[in-house]
Amino acid sequence: MADNYQSIHFFDQPIEPIFDTPPAREKSPDCPNGFIWDEKTYRVTEMLSSWNDFARRGKMARNMRPAHAAVASGRGSLNVGRFYFRVQTDTDQVFDLYYDRAMKNIDERKGQWFLYREMSLE
């Protein structure tokens, strides 16, 4: 992803997303309207960009036929993939957030949101 931003802090910590309207598809969510991290609420004032990564990693990369893996790399498959969002917040900070579709355990199948990193213009 080519742009003028560079990473200044790496976090990769879980967050609680805030949606003014719940997403229609939980496993393919839109950008949240805000998030809670470290007991502080951040409101998203602008989504700057978004992208996804449906690459299968580790043992998951070897458990599909090549033709099926090629299709899955373009649209994802069950519990595989991440949706990334670069957002500007009400604190004038720029963060990369992502939603990881992998289920945490058998009781928590929805996936999880993370604050990936803080960005700054070069």
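All values reported here derive from a predicted model rather than from experimental measurement.
Between the side chains of Asn52 and Tyr98, no donor-acceptor pair is found at a separation under 3.5 Å.
Contact of the Phe85 side chain with the Trp113 side chain is registered, since non-hydrogen atoms from C-beta on lie closer than 4.5 Å. Side-chain contact between Val94 and Tyr5 is present, with heavy atoms from C-beta onward closer than 4.5 Å. Two residues are said to be in side-chain contact when any heavy atoms from C-beta on lie closer than 4.5 Å; Arg82 and Phe54 fail this criterion. Considering only heavy atoms from C-beta on, Ile18 comes within 4.5 Å of Ile36 through its side chain. Residues Lys40 and Thr91 form a side-chain contact, since some pair of their non-hydrogen atoms from C-beta on lies under 4.5 Å apart. Taking the side chain as every heavy atom from C-beta outward, Phe83 and Asp53 never approach each other to under 4.5 Å.
A distance of 12.0 Å separates CZ in Arg86 from SG in Cys31, rounded to the nearest 0.5 Å. Separation of atoms CG (Asp96) and CZ (Arg117) is listed at 4.5 Å; rounding is to 0.5 Å.
Heavy atoms only, all atoms of each residue included: Phe19 and Pro29 are closest at CZ-CB, 4.5 Å.
Within 6.0 Å of atom CG in Asn33, more than 12 heavy atoms from other residues, nucleotides or ligands are found, so the atom counts as buried in its surroundings.
Taking the side-chain hydrogen bond (donor to acceptor under 3.5 Å, both in side chains) definition, one finds that Glu118 meets it with His9, Gln93, sequence neighbours left out. Residues passing the side-chain hydrogen bond (donor to acceptor under 3.5 Å, both in side chains) test with Asp38, sequence neighbours excluded: none. Partners of Gln13 by side-chain hydrogen bond (donor to acceptor under 3.5 Å, both in side chains), not counting sequence neighbours, listed by chain and number: Trp37.
Ring orientation note: the planes of Phe35 and Phe95 are nearly perpendicular, at an angle over 60° on the 30°/60° scale.
Hydrophobic clustering (side-chain heavy atoms under 4.5 Å, transitive across Ile, Leu, Val, Met, Phe, Trp, Tyr) groups Leu48 together with Met119. Note on Phe114: it clusters hydrophobically with Phe10, by side-chain heavy-atom contacts below 4.5 Å among ILVMFWY residues.
With hydrogens and angles ignored, the 3.5 Å screen pairs no side-chain donor or acceptor of Ser50 with any backbone N or O of Tyr84.
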